[in-house]
Q: 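Input: one structure, supplied below.
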Amino acid sequence: FSLLGMFNTFARSSRQLARQSGRSLSCAETAYLRNSRRAFSLARTSLGANRAVFPVSVSCNNSSSATLVQYGSARYYASSPDEFPPHIPLGMPALSPTMTQGNLVKWFKQPGDEVSVGDALADIETDKATMKWDSIDDGFFVKAFIEEGTDDVPVGKVIALIAEDKDDIEAFADYVPPEALDEEGNAKEEEPKEEPKKEEKKEKPKKQEKKEKPKEQPKKKTESKPSGRKSGDRIIASPAARSLAEEKGIDLGDIEGSGPNGRIVISDVENFEGSSEPKSAPKSTSSGSSTPVGEYEDIPNSNIRKVIASRLTESKQTIPHYYLTVEFNVEKLQKIRAELNGRANGAYKISINDFVIKASAMAMRKVPEVNSYWSEKSIRRFRDVNINVAVNADAGLFTPLVPNTDNKGLVEISESIRSLADKAKSGKLTSEELQIGTFTVSNLGMFGIKQFAAVINPPQACILAVGGIEKRVVADGEGWKTSEFMTCTLSCDHRVVDGALGAQWLKEFKSRMEDPITLLL
């Protein structure tokens with residue numbers, strides 16, 4: 001693989017230049033490194049390395065010298081005999097654009113193993129999928145600083161070490177890794193200048209607190225006093241006071257009301273200092289009855305499950321959903337589908353969902369306002385139609401992307417979705433395949449669901465929920481016949497798509513599903 005060879009050649013030449021001592025790089029060498037950087041970037045892109053590591057860069061300090069900096073995994077060299085031999089501390093990479101922490105699933109390298117460019121170092125569970133972390137350097141694996149199964153490791157935290165020579169591994173027995181690396185691969189250091197500022201900020205509120213304390217002293221709790229009520233007397237209390245007393249397990253008969261005619265108000269309950277322990281027992285008994293009784297198992301939430309929960313909660317709390325439902329006849333579609341699959345001779349198999357995705361993409365072309373995102377300053381309308389397809393797997397719900405969906409034919413869409421579904425179930429989806437598109441299709445028809453309303457995938461403006469096909473008896477001239485119908489529901493963000501606009505999109509979608517020949521136009 002020529003690009004990989006280019007990658008290795010550049011890595012070796014960079015290290016040789018970095019080892020040079022006693023002289024700085026010339027301008028010619030600086031220009032060579034700059035040109036090599038472009039080739040390195042091309043190789044790294046072709047290898048699909050979506051990582052929080054960046055190519056080697058050269059920054060000129062003056063007209064005749066340059067400094068080598070490798071971003072993301074900087075190589076350290078000894079400037080004195082007391083320091084460690086050449087080595088590379090490896091920080092937790094960001095394997096997806098939104099990743100802030102990850103779980104270390106499995107190490108593929110053990111101490112002493114040789115590491116080459118492109119070798120898989122570990123399996124890391126990101127916020128989107130479990131992905132392999134590939135090395136961009138060669139050397140020898142010294143040690144791992146976190147164990148397999150460690151969760152919530154922040155991006156940038158040093159988790160492993162690579163040495164240049166195998167004979168140097170023993171020299172790192174006392175090596176203590178830095179807490180974290182910055183984007184340039186250098187150890188993060190705390191700025192000492194910030195310390196006095198923090199102390200000054202802390203001292204000021206202390207003085208203010210001392211002055212304010214006498215003002216807070218008048219707030220006193222009401223001590224428990226006999227209320228003077230007889231056992232049969234009626235207790236007058238506000239609803240809020242009754243509710244608070246019930247929560248705290250306080251008997252209202254023990255409180256003396258300060259309101260009109262001895263009425264107990266909420267402040268009386270808040271300031272009551274009597275014993276509430278005897279009254280709390282019945283409360284815990286009643287609350288316990290609402291908890292399911294029996295044996296149970298707590299299943300830890302994976303990063304993927306946490307992200308799903310976070311995004312769906314965000315969607316329902318911040319996006320004003322509304323729903324539009326349409327029904328349409330799919331008899332023509334079923335006939336054309338059967339005819340196309342009959343001609344395939346096993347080369348492909350087009351599903352109903354493939355027609356749904358193609359019709360959705362064509363409707364987006366006719367109604368481009370739906371192909372948009374909401375932001376506080378503007379509505380961003382996209383020129384390309386990129387549709388996410390909901391896929392259920394053991395690890396959770398994935399929405400892999402079918403890019404440029406409107407430019408793909410039914411067979412190409414079918415092959416793309418089958419490939420993405422297989423990768424989702426085996427946990428092999430890449431970060432590029434998990435990018436957010438401009439529209440999402442979720443189909444539960446194969447599970448016998450007639451109709452449902454899906455939650456919008458933020459920041460998209462719409463999602464189409466596809467139900468199953470059912471047979472109905474319909475009028476046919478003077479007689480009756482059975483026909484097949486499908487129900488779909490469009491969830492819309494009212495900030496972007498108004499009701500009439502959503503209805504217009506559904507009209508375009510329905511017309512193409514009822515007359516599939518229009519998908520070819």
Q: Quick one: does NZ or CZ of Arg472 land under 6.0 Å from the six-membered ring centre of Phe485, within 45 degrees of the ring axis?
A: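 So Arg472 does make the cation-pi contact.
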Q: Are the side chain of Thr150 and the backbone of Ile146 linked by a donor-acceptor contact shorter than 3.5 Å?
A: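 Here the side-chain-to-backbone pair does not exist.
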Q: Got a second to check how far Leu90's CG is from Ile88's CD1, nearest 0.5 Å?
A: 6.5 Å
Q: Calculate, to the nearest 0.5 Å, the distance between atoms CG and CG belonging to Asp493 and Asp498 respectively.
A: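 Here the rounded value is 10.0 Å.
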Q: Please check if the side chain of His321 supplies one atom and the backbone of Ile319 the other of a donor-acceptor pair under 3.5 Å.
A: yes
Q: Between Ser360 and Val356, is there a donor-acceptor pair closer than 3.5 Å when you use the side chain of the first and the backbone of the second?
A: yes
Q: Step by step, would you call Glu514 with Lys332 a salt bridge (Lys or Arg N to Asp or Glu O under 4.0 Å)?
A: CA-CA 7 Å; Glu514 288 188 329; Lys332 285 185 179 180; over 6 Å; no
Q: Specify the closest pair of heavy atoms between Phe140 and Glu164, including all atoms of both residues, with the distance to one decimal.
A: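 Looks like CD1-O, 3.6 Å.
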Q: Any side-chain heavy-atom pair from Val389 and Leu420 closer than 4.5 angstrom?
A: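 Side chain of Val389 against side chain of Leu420, heavy atoms only: no contact under 4.5 Å found.
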Q: Under a 3.5 Å distance rule, please check whether Lys366 uses its side chain to pair with a backbone N or O of Gln504 as donor and acceptor.
A: no
Q: I'd like to know whether Leu121 forms a side-chain contact (heavy atoms from CB on, under 4.5 Å) with Phe108, so could you lay out the CA-CA distance, the side-chain angles of the two residues, the decisive distance to 0.1 Å, and finally the verdict.
A: CA-CA 5 Å; Leu121 297 176; Phe108 294 121; over 6 Å; no
Q: Atom CH2 in Trp374, atom CD1 in Ile456: separation rounded to 0.5 Å?
A: 13.0 Å
Q: Which heavy atom in Thr325 sits nearest to a heavy atom in Leu506, and how many Å separate them?
A: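 Looking at all heavy atoms of both residues, the shortest contact is N-CD1, 4.4 Å.
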Q: May I ask you to check whether Asp354 and Ser414 show a side-chain donor-acceptor distance below 3.5 Å?
A: yes
Q: With a 4.0 Å cut-off on N to O distance, would you call Arg343 and Glu339 a salt bridge?
A: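 Result for this pair is yes, salt bridge flagged.
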Q: Determine, for Lys157 against Asp152, whether the closest basic-nitrogen to carboxylate-oxygen distance falls under 4.0 angstrom.
A: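 A salt bridge is absent here (no side-chain N lies under 4.0 Å from a carboxylate O).
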Q: Check the angle between the aromatic planes of Trp107 and Trp133 and answer parallel, tilted or perpendicular using the 30° and 60° thresholds.
A: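 If you compare the ring of Trp107 with that of Trp133, the planes turn out tilted.
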Q: Any side-chain to backbone donor/acceptor pair from Asp119 onto Ser116? Under 3.5 Å, distance only.
A: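 The answer is yes, because a donor-acceptor pair under 3.5 Å joins these two groups.
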Q: Just wondering, are more than 12 heavy atoms of other shown residues or ligands nearer than 6.0 Å to NZ in Lys425?
A: no
Q: Would you compute the distance between atom CD of Glu433 and atom OG of Ser419 and round it to the nearest 0.5 angstrom?
A: 6.5 Å
Q: side-chain contact (heavy atoms from CB on, under 4.5 Å) between Glu148 and Leu104: does it pass, once the steps are laid out?
A: CA-CA 6 Å; Glu148 293 182 355; Leu104 199 292; 4.3 Å; yes
Q: Is the shortest side-chain heavy-atom distance between Leu429 and Phe398 below 4.5 Å?
A: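 The answer is yes; the side chains approach within 4.5 Å.
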Q: Mark yes or no for whether Asn371, through its side chain, and Phe382, through its backbone, hold a donor-acceptor pair below 3.5 Å.
A: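 At least one qualifying donor-acceptor pair exists.
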Q: So, does Lys358 use its side chain to make a donor-acceptor pair with the main chain of Asp406 at under 3.5 Å?
A: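 Indeed, once roles are kept as given, a pair shorter than 3.5 Å links the two residues.
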Q: Tell me yes or no: between the side chains of Gln460 and Thr438, is some donor less than 3.5 Å from an acceptor?
A: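 Side-chain D/A pair, Gln460 to Thr438: absent.
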Q: Would you check if Lys510 and Met486 make a side-chain contact, meaning some heavy-atom pair closer than 4.5 Å?
A: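 No. Closest side-chain heavy atoms not under 4.5 Å.
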Q: Please report the shortest heavy-atom distance between Tyr348 and Leu340, naming the atom on each side.
A: OH-O, 3.1 Å
Q: Which is it for Gln451 and Thr489 under the side-chain contact (heavy atoms from CB on, under 4.5 Å) test, yes or no, and what are the steps along the way?
A: CA-CA 7 Å; Gln451 176 187 348; Thr489 299; 3.7 Å; yes
Q: Determine whether Met446 and Ile352 make a side-chain contact, defined as any pair of heavy atoms from C-beta on separated by less than 4.5 Å.
A: no
Q: Between Tyr175 and Phe84 (side chain of the first, backbone of the second, donor and acceptor by atom type, cut-off under 3.5 Å), is there such a pair?
A: no
Q: Side-chain contact test, heavy atoms from C-beta onward, threshold under 4.5 Å: evaluate it for Ile469 versus Val330 and give yes or no.
A: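 Yes; the side chains approach each other to less than 4.5 Å.
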Q: Going by atom types only, do Thr399 and Thr440 share a side-chain donor-acceptor pair under 3.5 Å?
A: no
Q: Judged by modelled atom types alone, do Arg311 and Asn457 share a side-chain donor-acceptor pair under 3.5 Å?
A: yes
Q: What's the spacing between Asp384 CG and Met364 CE if we round to 0.5 Å?
A: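 Here the interatomic distance stands at 11.0 Å.
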Q: Please find the pair of heavy atoms, one from Asn443 and one from Gly445, that lie closest to each other, and give the distance.
A: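 Taking Asn443 first and Gly445 second, the nearest heavy atoms are OD1-N, 2.7 Å.
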Q: Examine distances only and state if a side-chain atom of Asn388 and a backbone atom of Gln435 form a donor-acceptor pair shorter than 3.5 Å.
A: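 Confirmed, Asn388 side chain pairs with Gln435 backbone.
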Q: Using distance alone, with no hydrogens and no angle criterion, decide if Thr518 and Asp515 have a side-chain donor and acceptor under 3.5 Å apart.
A: no
Q: Quick one: closest heavy-atom pair of Val497 and Gly502, and the distance?
A: CG1-N, 3.5 Å
Q: Any side-chain heavy atom of Val142 sitting closer than 4.5 Å to one from His87?
A: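 Sidechains of His87 and Val142: no contact.
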Q: With rounding to the nearest 0.5 angstrom, report the CD1 to CZ distance, Ile463 to Phe439.
A: 8.0 Å
Q: Judged by atom type as modelled, is there a donor-acceptor pair below 3.5 Å linking the side chain of Ser378 to the main-chain atoms of Arg380?
A: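 No; judged by distance alone, with no hydrogens or angles, the pair does not exist.
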Q: Would you name the heavy atoms of Thr126 and Met99 that are closest together and state the gap between them?
A: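 Taking Thr126 first and Met99 second, the nearest heavy atoms are CG2-SD, 3.6 Å.
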Q: Go through the steps for Ile517 and Ile336 under the test side-chain contact (heavy atoms from CB on, under 4.5 Å), then give the verdict.
A: CA-CA 9 Å; Ile517 295 298; Ile336 291 178; 3.9 Å; yes
Q: Is any side-chain heavy atom of Val402 closer than 4.5 Å to a side-chain heavy atom of Ile357?
A: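 With C-beta onward as the side chain, the pair stays apart.
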Q: Would you say Pro458 and Tyr373 make side-chain contact, with heavy atoms under 4.5 Å?
A: no
Q: Check the pair Glu508 / Arg512 against salt bridge (Lys or Arg N to Asp or Glu O under 4.0 Å), numbers first and verdict last.
A: CA-CA 7 Å; Glu508 294 290 341; Arg512 283 160 175 75; 2.8 Å; yes
